[in-house]
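Only one structure is covered here, and it is reproduced in the block below.
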Amino acid sequence: MLLPLIVTQVGMPVNLLAIVILSQGKCGLSTCTTRYLVAMATADLLVIITEVILWQISYYYFQGSFLYITPVCSVIGVLSFAAIDCSVWFTVTFTFDRFVAICCQKLKTKYCTEKTAAVVLATTCILLCLKNVPYYFTYEPGMIIDNVPWGCYMKPSYYTEPGWVGFDKFVRFLIPLLPFALILLLNVLTVRHILVASRVRKGLKGQSKGENHSDPEMESRRKSVILLFTISGNFILLWLVFVIEFFYYNITGIEHRDYTDSEYLFQKVGWMLLNLSCCTNTFIYGATQSKFREQVKNVVKYPVTSIIHLMNKQNN
């Protein structure tokens, strides 16, 4: 129970901070990249609100509240799944955008634009929300008190009826297997392109003969790549346990409800790391982007400078 509280206390302010700073557009990033990063921070914030606060924390502290009326918690479940999906697929769209920017120069001018980013993000969000609507009909109440259904429990038919079994397999392919594979593939292709391009540029500039010339384009690309790889690597690392559990679930054919204690613990560790991934991107921005760190310092200093300014004004 301690981790959800930590995720909430850390994740809420850092994601809000990231949204505010990135939205100002003063971090030296393109408007296209900024849109993706703001969308990712917003999705992470929604995961914390729906999955961690309204679902996990409410289970321990607010049992018996209106949040546990079956229609209400069913909606929360749908919103939670949609927020997680958006968090994952916004990372994929960001990775693809950076792949195009680095590896596809002809397509870059048309695809890597603020308008395209908005269309991609909006379309992705709408499709993922529609994809999660069926989850509303997978829950049933645990009890009925005064004709009011309470609790959200997965219907047994979800694990047996062919339609729901197929839906479950589709969902598990869409999250996390496909995004995981796409991010790995795009990063491998990006690394390959960078290595080839770097050798070519060094050859053209005579660096292969020992000369040392500064290359602003390679330096700019290096910073972009660092941001891409840290975000993608963080995603892969923190989702790895969940992906392993996905393969175990599908290869063995064991249902989640039939897990042993150790298998259940492994599944919970996967969800724990998944929730933790919603708190890390802001720290990545701070570690890789000097202008972002500068904006954080300005935000932190602002209340203090405002108070000092107000005090000096009153004294005068």
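Just so it is clear, the values below take in all heavy atoms, side chains as well, and ignore hydrogens, waters and symmetry mates.
Remark: the backbone N or O of Y135 is paired with a side-chain donor or acceptor of T138 at under 3.5 angstrom. With hydrogens and angles ignored, the 3.5 Å screen pairs no side-chain donor or acceptor of S80 with any backbone N or O of I76. Of the possible donor and acceptor atoms, none in the side chain of T113 sits under 3.5 Å from a partner among the backbone N and O of T109. A donor-acceptor pair under 3.5 Å is absent between the side-chain atoms of S87 and the main chain of A83, judged by distance alone. Side-chain atoms of T230 do not come within 3.5 Å of backbone N or O of I284 as any donor-acceptor pair.
For W164, the ring-ring contact (aromatic ring centres under 6.0 Å, His included) partners two or more places apart in sequence, or in a different chain, are Y158, F167.
At least one side-chain heavy atom of F283 sits less than 4.5 Å from a side-chain heavy atom of V10.
Of the candidates L227, L22, L37, L29, L22 is the only one forming a side-chain contact (heavy atoms from CB on, under 4.5 Å) with F292.
The line from CG of L127 to CG of L174 is 10.0 Å long, rounded to the nearest 0.5 Å. Rounding to the nearest 0.5 Å gives a distance of 5.0 Å between CG of D44 and CG of N15.
F180 has its ring centre no less than 6.0 Å from the ring centre of F242.
Sulfur-sulfur distance for C152 and C73: below 2.5 Å, consistent with a disulfide.
At most 12 heavy atoms of other shown residues, nucleotides or ligands fall within 6.0 angstrom of atom NZ in K108.
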